[in-house]
Amino acid sequence: MTTNHCLLVRDGTFVAVGPSGDITDERGSHPLGLFARDARHLSRWQLTVDGSTPTVLVPAASAGSSATAVLTPRGSRAEAPALTVFREQTVSDGTLTERIRLSSNRGDASSALVALTVNADFADQFELRWDHRWYDKSYAVRTRASLPDGVEFGYRRREWSSRTVVTARPAPDAVEETGSGARRLCWLLDLPPHGSAELTLRVEAHPNGAPEPHPAEAAAVFPSTAASETEIPDGWPELARACAQGSADLSGLRVAATGPDGEALRVPAAGVPWFLTLLGRHALITSLFALPSRPEHAAATLLALAATQATAEDTDRIAQPGKIVHELRHGELAHFRQVPYGRYFGSVDSTPLFLMLLGAHAEATADDKLAHRLERNARAAIDWMFEYGGLREHGYLLYRADAGGLANQSWKDSAGAICFADGTPAKGVIRAAAAQGYAYDALRRTARLARTAWDDAGYADRLEDAAHRLRLRFLADFWLREHDFPALALDGDGRRADALGSDAGHLLWTGILSQEHGEAVAERLLSAEFFTGWGIRTLAAGQEAYHPLSYHRGSVWPHDSAIAALGLARYGLHDHARALARGILDMAARHEYRMPEVIAGYARADHPDPVPYPHACSPQAWSAASPFALLTAVTGDGQDPSDR
């Protein structure tokens, strides 16, 4: 969605400012502030010059982790402004640095009264959403303390404590109370004729429980790879630009994590503003997309997820032994378990995706060291799929709605996303189609590891047999003969949820369909009911359930379409894959090559540009990695020689 906000992202910290570089304490779909570890550490940052808010000449524009804006006091044609204000803001690990330069436009000496109103509300991100929820925060205490060169804001609730420290150079001439809890830092600056004066401000967030940064250690495990090292085929200049932007976005979205032996890692966070944290499914798919050119993403993600793998049952978190985590949160509400997402396991597909990535990493790198190190974790994940996930008893991976968390636990996890063609939500125990494809691929990849790395042929045989039987079962139970297309899911009564959805592209990607079924799916996905010219709708148009502005029932997700492109290439349907890739890249070109998380499902014929989705994250990790998936799709067939 187009907003007036400017986002700066780096090392698990992001800042959202308005056009002038200011921060107000608004809430809603795009709140402003300095955010670290799921909390807002700066909720007001408002500049005045001589008692008035300056006019914006050049709005704040981001270059990744930095932004600049140009302001001036109000003037007129008859009386030009006496000075111009240049603001430069930079974000790094837990820190916002701002340089304010006042440049005099006059030929004589002058002065200016500069004031900056600052505050920190320490609001948890879940409090800032427009979902009308209220959270009890009894016993919370806020403090403000003047410093020789600034002010410190504090927050404490029982054992939880956080701080925000604001310092300035030169030190403010005064720190004033405002009556609202905010503080006003004031300077009287002298300006020589046509000269300038500068202020440098530093805001340091000190979240509860934040580890000390170890940039050298993290870089060793998660090195940066220059975008220019990616080889792009001739005739795809848009792909080169999209890969470069994707690489830059992935670099900014890295967050700190810890491996099984306590090693410092940097892993892909899901997206800004709401998900600058580790989400298992997102990090795994992001790493799979980027694997051929950036295997370090995969290694860090696998180690971080192995370290958080469930070892016991916890009903509130939907944890079971061997299950891979869905979401990690570090905020106050998660700490006090007022939301379940501190370590939440509400996804049916993170576990098979973990196994897919582990096997793919060994194949792509021709190195099985990581597969050896994580063998115990991989076997535990397989055990979860059979014992808790449902494969042994029910023949499929399945989930039940979580009353305190997510109703749907496949990638389409919004309420009502898994539905029938008339829009009726599927109920009861849900067996989502895409998750079965992941399970099939996970079984086969793990069987290869067992045979080639773990020297356990018997285990490999059992997994291969289970994969074969799952495939036969799936084709018999999910295929909608009347549509020549797979069902979206099976509901609690075993009925086929007959909405036609983009999840079929995931089935191509994982290879669970036969060649004949795959070709039928390909023709449908590239038809006008699915393909908008920009990408593939999550739900085909023409069904009662379809809505072009629904999160998962008609919108277009670049990563979802990129998965379909990989699947088309896997089945040898190269013309289809390239046509889809061209459409996705055309969409990227209209967003300055930054792939949005999701766009509306309107066709290219309806509007000459992609229509934004109102609540999309940007940047967003699996969208940023999608150009690398497209690169794989257009340069190689992805065909598994043992398939079909």
Side-chain angles (χ1 to χ4, degrees), residues 279-282 285 318 326-327 344-353 389-391 394-440 470 473-474 477-480 482-483 485-510 512-513 521 524-525 529-530 536-557 559-561 563-564 598 601 613:
L279 268 65
R281 177 192 301 124
H282 292 70
I285 289 178
I318 323 182
H326 169 63
E327 183 172 353
Y344 183 62
F345 292 83
S347 72
V348 73
D349 48 10
S350 292
T351 307
L353 282 165
L391 272 186
H394 302 280
Y396 295 110
L397 291 186
L398 50 83
Y399 64 85
R400 299 167 180 81
D402 176 22
L406 294 171
N408 283 308
Q409 295 163 31
S410 60
W411 90 263
K412 291 178 178 174
D413 58 4
S414 59
I418 305 300
C419 63
F420 291 80
D422 64 1
T424 304
K427 296 181 179 179
V429 176
I430 304 299
R431 287 146 284 190
Q436 314 317 319
Y438 299 157
Y440 172 76
L470 172 59
R473 212 164 39 243
F474 180 86
D477 293 345
F478 277 76
W479 196 253
L480 299 167
E482 65 274 25
H483 297 292
F485 203 79
L488 194 58
L490 303 180
D491 73 0
D493 296 323
R495 295 181 302 163
R496 298 183 180 104
D498 60 353
L500 306 185
S502 63
D503 300 57
H506 297 235
L507 303 178
L508 293 175
W509 182 43
T510 53
I512 196 171
L513 300 177
V521 163
R524 199 66 176 265
L525 290 179
E529 59 191 328
F530 269 112
I536 291 173
R537 295 184 178 97
T538 45
L539 212 64
Q543 304 174 94
E544 288 182 59
Y546 168 72
H547 190 309
L549 284 168
S550 170
Y551 200 47
H552 289 125
R553 282 167 54 162
S555 58
V556 172
W557 292 62
H559 94 279
D560 185 37
S561 296
I563 282 176
V598 53
Y613 178 80

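Along the sequence shown, residues carry numbers from 1.
- Checking side-chain atoms of Asp498 against main-chain N and O of Ala421 turns up a donor-acceptor pair under 3.5 Å.
- Contact between Leu470 and Gly395 at its shortest, heavy atoms only, is CD1-O, 3.5 Å.
- Ring pair Trp411/His559 is perpendicular by interplanar angle, where above 60° counts as perpendicular and below 30° as parallel.
- Considering all non-hydrogen atoms of both residues, Val521 and Ala504 come closest at CG1-CB, 3.7 Å.
- At least one side-chain heavy atom of Leu525 sits under 4.5 Å from a side-chain heavy atom of Phe485.
- With contacts defined as side-chain heavy-atom distances shorter than 4.5 Å, the pair Tyr399/Asn408 qualifies.
- Closest of all the heavy-atom pairs between Thr538 and Gly554 is OG1-N, 2.8 Å.
- For the pair Tyr546 (side chain) and Arg537 (backbone), a donor-acceptor distance under 3.5 Å is absent.
- Of the inter-residue distances, the one linking Phe420 atom CZ with Lys427 atom NZ reads 10.5 Å to the nearest 0.5 angstrom.
- Using a 4.5 Å heavy-atom threshold, the side chains of His394 and Val429 count as separate.
- The aromatic rings of Phe474 and Phe478 sit parallel to each other, their planes meeting at less than 30°, with 60° as the upper class boundary.
- In terms of modelled atom types and a separation under 3.5 Å, the side chain of Ser350 and the main chain of His326 share no donor-acceptor contact.
- Put simply, the side chain of Leu397 reaches to within 4.5 Å of the side chain of Gln436, judged on heavy atoms.
- The number of heavy atoms from other shown groups lying within 6.0 Å of CZ (Arg400) does not exceed 12.
- Distance check, rounded to the nearest 0.5 Å: CG of Leu279 to CD of Glu327 gives 4.5 Å.
- Looking at heavy atoms from C-beta onward, Trp557 lies in side-chain contact with His552 at the 4.5 angstrom threshold.
- Nearest heavy-atom pair, Lys412 versus Ser502, reported as atom, atom and distance to 0.1 Å: NZ-OG, 3.3 Å.
- Nearest heavy-atom pair across Arg553 and Ala545 is NE-O, 3.4 Å.
- When all heavy atoms of Arg496 and Ala487 are compared, the closest pair comes out as CB-CB, 3.8 Å.
- Once rounded to the nearest 0.5 Å, the distance linking NE2 of His282 with CG of Leu353 reads 11.0 Å.
- Between Ile318 atom CD1 and Asp402 atom CG the span is 3.5 Å, to the nearest 0.5 Å.
- Side-chain atoms of Ser555 never come within 3.5 Å of backbone atoms of Pro548 as a donor-acceptor pair (strictly under, hydrogens ignored).
- Asp503 CG to Leu539 CG: the interatomic distance, rounded to the nearest 0.5 Å, is 9.0 Å.
- A salt bridge links Glu529 with Arg524: the distance from a Lys NZ or Arg NE/NH1/NH2 to an Asp or Glu carboxylate oxygen falls below 4.0 Å.
- The existence of a salt bridge linking Arg281 and Asp413 is confirmed by a sub-4.0 Å separation between a basic side-chain nitrogen and an acidic carboxylate oxygen.
- Contact check for Tyr396 versus Asp477: side-chain heavy atoms found under the 4.5 Å cut-off.
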Worksheet item: Is there a side-chain contact (heavy atoms from CB on, under 4.5 Å) between His506 and Asp560 once you walk through the steps?
Response: CA-CA 8 Å; His506 297 235; Asp560 185 37; 2.6 Å; yes
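- The side-chain heavy atoms of Leu480 and Leu500, taken from C-beta on, include a pair separated by under 4.5 Å.
- Between Asp491 and Arg495, at least one side-chain N (NZ, or NE/NH1/NH2) sits under 4.0 Å from a carboxylate O, which counts as a salt bridge.
- Rounded to the nearest 0.5 angstrom, Ile536 CD1 and Ser561 OG are separated by 5.0 Å.
- When side chains are defined from C-beta on, Leu507 does not count as touching Tyr440, because their heavy atoms never get closer than 4.5 Å.
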